[in-house]
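Quick notes on the structure that follows.
Computed from heavy atoms alone, side chains included, the values below leave out hydrogens, waters and symmetry copies.
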Amino acid sequence: MKPVTKSTSILCAAFVIVAFSPDRGAAEVGFKSIGDLRANCQFVNQEWDELDGQEMIQFTDCASFLKGVSELMMTICRSDEGTVSPMLKADPNHSLRAITLGFLSWADENSSRWSDPRQVGVYEAISSQFPCEN
């Protein structure tokens, strides 16, 4: 296998930026509120190759945000000795799909909170759907 050169890496990075840049005419995608994240997670049941460029951006936002926060919460659950708030912990070993569906279910039940910051909603959703049993 050939080693990756610096020019190849730059070309790949440029391709990713162009491929995932939204069209100027596309609807604005939000990245701040619970409602924004809920909208971005709506593509969980679709295959990647069925998504257009805008939907790929939204799906990637949902997956990366939920994966990062849930992994942190699961790690805290495994290692905490009872000093961390239960809202910051989640039961380990759940798939990203389960986490996403849990968040969507929680968000639909809490529609009055859609304008709240998404990180608060994710902590509440994941901890209530997958409580840490430690």
Inset, instruction - List for me each residue that meets salt bridge (Lys or Arg N to Asp or Glu O under 4.0 Å) alongside E71, sequence neighbours excluded, and say none if there are none. - result: K67
Legend entry - Close side-chain approach of D52 to M56, heavy-atom, < 4.5 Å: no
Legend entry - M73 side chain reached by L88 side chain, heavy atoms, under 4.5 Å: no
Legend entry - Rounded distance (nearest 0.5 Å) linking atom CG of L66 with atom CD1 of I126: 5.5 Å
Inset, instruction - Mark yes or no for whether D116, through its side chain, and G121, through its backbone, hold a donor-acceptor pair below 3.5 Å. - result: no
Inset, instruction - Please work out whether the ring planes of H94 and F130 are parallel, tilted or perpendicular, with thresholds of 30° and 60°. - result: tilted
Legend entry - Atom pair OG (S64) and CZ (F59), whose distance is rounded to the nearest 0.5 Å: 9.5 Å
Inset, instruction - Pick out which of P92, P131, S127, P86 makes a side chain to side chain contact (heavy atoms under 4.5 Å, CB included) with C77. - result: P92
Legend entry - Validation row: F65, T60 side chains within 4.5 angstrom (heavy atoms): no
Inset, instruction - Please tell me if the side chains of L101 and V44 come closer than 4.5 Å, counting only heavy atoms from C-beta onward. - result: yes
Legend entry - pair Y123-L72: side-chain heavy atoms closer than 4.5 Å: yes
Inset, instruction - Go through the structure and list residues passing side-chain hydrogen bond (donor to acceptor under 3.5 Å, both in side chains) with K32, not counting sequence neighbours. - result: none
Inset, instruction - Check the hydrophobic clustering (I, L, V, M, F, W, Y; side-chain heavy atoms under 4.5 Å; chains of links allowed) and say if F43 and W114 are grouped together. - result: no
Inset, instruction - Kindly give the heavy-atom pair with the smallest separation between M74 and N93, and that separation in Å. - result: SD-N, 3.8 Å
Inset, instruction - Answer yes if M87 and I99 sit in the same cluster of Ile, Leu, Val, Met, Phe, Trp and Tyr residues linked by side chain heavy atoms under 4.5 Å apart, and no otherwise. - result: yes
Legend entry - Inter-residue atom distance E55.CD - E50.CD, 0.5 Å rounding: 9.5 Å
Legend entry - Interatomic spacing from OG in S85 to CD1 in I76 - rounded to 0.5 Å: 10.0 Å
Legend entry - Contact check, side chains of N40 and V29, non-hydrogen atoms, under 4.5 Å: yes
Legend entry - Ionic contact status for D91 with R78, cut-off 4.0 Å: no
Inset, instruction - State whether D80 and K89 are salt-bridged, where the test is any N-O pair (Lys NZ or Arg NE/NH1/NH2 against Asp/Glu carboxylate O) under 4.0 Å. - result: yes
Legend entry - Minimal non-hydrogen separation, Q58 against A39, with atom names: NE2-O, 3.8 Å
Inset, instruction - Would you mind reporting whether R113 and W106 have side-chain heavy atoms less than 4.5 Å apart? - result: yes
Inset, instruction - Decide side-chain hydrogen bond (donor to acceptor under 3.5 Å, both in side chains) for D36 and S33; before the verdict, give the C-alpha distance in whole Å, the side-chain angles of both, and the deciding distance to 0.1 Å. - result: CA-CA 5 Å; D36 293 339; S33 70; 3.3 Å; yes
Inset, instruction - For D61 and I57, indicate whether the former's side chain and the latter's backbone hold a donor-acceptor pair under 3.5 Å. - result: no
Inset, instruction - Supply the atom-to-atom distance C62 SG to R38 CZ, rounded to the nearest 0.5 angstrom. - result: 11.5 Å
